[in-house]
> 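Shown below is the structure under consideration.
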Amino acid sequence: MCGRFTLTTADELEERFGIISAYLPEQIETSFNIAPSQPVLSVIHDGKNKRMGHLRWGLIPRWAKDEKIGHKLMNARAETLAEKPSFKKPFQTQRCLIIADGFYEWKKRDGGKGKQPYRIHLKDEKYFAFAGLWEKWTPPTGEAVFSCTIITTEANELMNEIHHRMPVIINPKDEVAWLDPMQSNTNELQHLLRPYPAGDMQAYPVSSAVSSPKNNDPELIKPISI
DNA sequence: CCAGACGTTGTT
DNA sequence: GTCTGG
DNA sequence: CCAGACGTTGTT
DNA sequence: GTCTGG
């Protein structure tokens, strides 16, 4: 679940997320099918300002010897964030938003083999933000890598028809609280990680989740740095 | 104590 | 780095 | 998450 | 079947 999503335009992002121009990335990548290990558009709070930039999807813990562990850490269960060694510290101080306008989920076809992909988005078709955690990893040689994971929770009534888990979409009024690095009351933070209201979402089957060319130009990656 | 994992999903 | 299992 | 590969030797 | 890359 939560293995692919979309960000198809970059219009009015700074207004929607309240980013001042000095903290915007030089370029924003858009895609119909963003996969783990690719750069994803994110917002963090550096203690003073909100900053927008790209993070690599698949969290690499600070202590990792090999970046490959990031291939496994693209999702984090909301229920256990405070306990897991890889997520504990990021949950306390390194929370982020990951910007999207849709995501995919695959429903197993009854009886037989195969899966049917569904595209899910908000009824108003607007941007939303996944709850995420970010981390900075410095390899033995070379530049630091800024990476992130997307938090999952139980499915709401809409998603439950497709799958039993779904990514956490933060209620817009809670975005500031989620990002605030000074907020360390994990009980309150945990409360923000609930299934988004089903009535505000819609889902429909699609023929394929893969529909756009990928862009692998590493020059486009502009990691957030603090 | 050291050694080894550190994650989720879904499937069995 | 920190936790778990042996 | 899905899609796609899954291998080596030796030659250019 | 299982791993890797995107």
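Here is the naming used below: chain letters follow the sequence lines, and residue numbers restart at 1 for every chain. Side-chain atoms are counted along with the backbone in the values below, which use heavy atoms only and exclude waters and symmetry mates.
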> Name the residue from Pro39(A), Cys96(A), Ser147(A) that meets the side chain to side chain contact (heavy atoms under 4.5 Å, CB included) definition with Leu55(A).
Cys96(A)

> Is there a donor-acceptor pair closer than 3.5 Å between any side-chain N or O of Gln190(A) and the backbone N or O of Ala78(A)?
yes

> Among the nucleotides dC3(C), dC1(D), dG6(E), which one has an atom lying closest to any side-chain atom of Trp106(A)?
dC1(D)

> Between dC2(D) atom P and Asn75(A) atom CG, what is the distance in whole Å?
11 Å

> I need the CD-P distance between Gln38(A) and dC1(D), as an integer number of Å.
16 Å

> Say you pick atom P in dC6(B) and the same atom in dA5(D); how far apart are they, in whole Å?
30 Å

> Please state how far atom CD1 in Ile162(A) lies from atom P in dC2(D), giving the value in whole angstrom units.
13 Å

> By the 4.0 Å heavy-atom rule, please label Phe87(A) as base, sugar-phosphate, or nothing.
sugar-phosphate

> Which base, if any, makes a Watson-Crick or G-U wobble pair with dT2(C), both distances under 3.5 Å?
dA5(B)

> Find the distance Trp57(A):CH2 to dT4(E):P and express it as a whole number of Å.
19 Å

> Sticking with atom C1', work out how far dC2(D) lies from dT9(B), rounded to a whole angstrom.
12 Å

> Does a side-chain N or O from Lys68(A) land closer than 4.0 Å to OP1 or OP2 of dT4(E), or not?
no

> Measure from CD on Glu83(A) to C1' on dC3(C) and round the result to the nearest Å.
11 Å

> Would you call Tyr104(A) stacked on dC1(D), i.e. ring centres under 5.5 Å apart with the planes less than 30° off parallel?
no

> Of the nucleotides dC6(B), dC1(D), dT8(B), which has the atom closest to the Pro85(A) side chain?
dC6(B)

> I want to check one thing: is the phosphate of dG7(B), taken as OP1 and OP2, less than 4.0 Å away from some side-chain N or O of Ser86(A)?
yes

> For dC2(D) and Arg4(A) - does any side-chain N or O of the residue sit under 4.0 Å from the phosphate oxygens OP1/OP2?
no

> Is it true that His121(A) and Tyr204(A) have ring centroids separated by less than 6.0 Å?
yes

> Touch check for Lys84(A), heavy atoms < 4.0 angstrom, all strands: base, sugar-phosphate only, or nothing?
sugar-phosphate

> For the pair made of CG in Asn33(A) and C1' in dG6(E), what is the distance, rounded to whole Å?
9 Å

> Any donor-acceptor pair under 3.5 Å linking the side-chain atoms of Tyr127(A) with those of Thr9(A)?
yes

> Rounded to the nearest Å, what distance is computed from the NE2 atom of residue His164(A) to the C1' atom of nucleotide dC1(D)?
13 Å

> Calculate the interatomic distance between Glu105(A) atom CD and dC2(D) atom C1'; express it in whole Å.
11 Å

> Verify the contact: side-chain N or O of Arg77(A) to OP1 or OP2 of dT9(B), cut-off strictly under 4.0 Å; return yes or no.
yes

> Looking at dC6(B), I'd like to know if its phosphate oxygens (OP1 or OP2) sit under 4.0 Å from a side-chain N or O belonging to Lys65(A).
no

> Ion pair present between Arg16(A) and Glu175(A), side-chain N to carboxylate O less than 4.0 angstrom?
yes

> Provide the distance between the two C1' atoms, one in dG1(E) and one in dT12(B), to the nearest whole Å.
14 Å

> With a 4.0 Å cut-off on heavy atoms, is Ala64(A) in touch with a base, just the backbone sugar-phosphate, or nothing at all?
nothing

> Would you say Ile20(A) ends up clustered with Phe17(A) if hydrophobic residues are merged whenever their side chains have heavy atoms under 4.5 Å apart, either directly or through other cluster members?
yes

> Ignoring backbone atoms, establish whether Thr80(A) has a side-chain N or O less than 4.0 Å from OP1 or OP2 of dT8(B).
yes

> Which part of the nucleic acid, if any, lies within reach of Pro61(A) when heavy atoms closer than 4.0 Å are counted: base, sugar-phosphate only, or nothing?
nothing

> Give one of base, sugar-phosphate or nothing for Lys89(A), where a contact means two heavy atoms less than 4.0 Å apart.
nothing

> Between Phe146(A) and Trp134(A), what is the ring plane arrangement, given parallel below 30°, perpendicular above 60°, and tilted in between?
tilted

> Between Thr152(A) and dT9(B), is there a contact of a side-chain N or O with OP1 or OP2 at under 4.0 Å?
yes

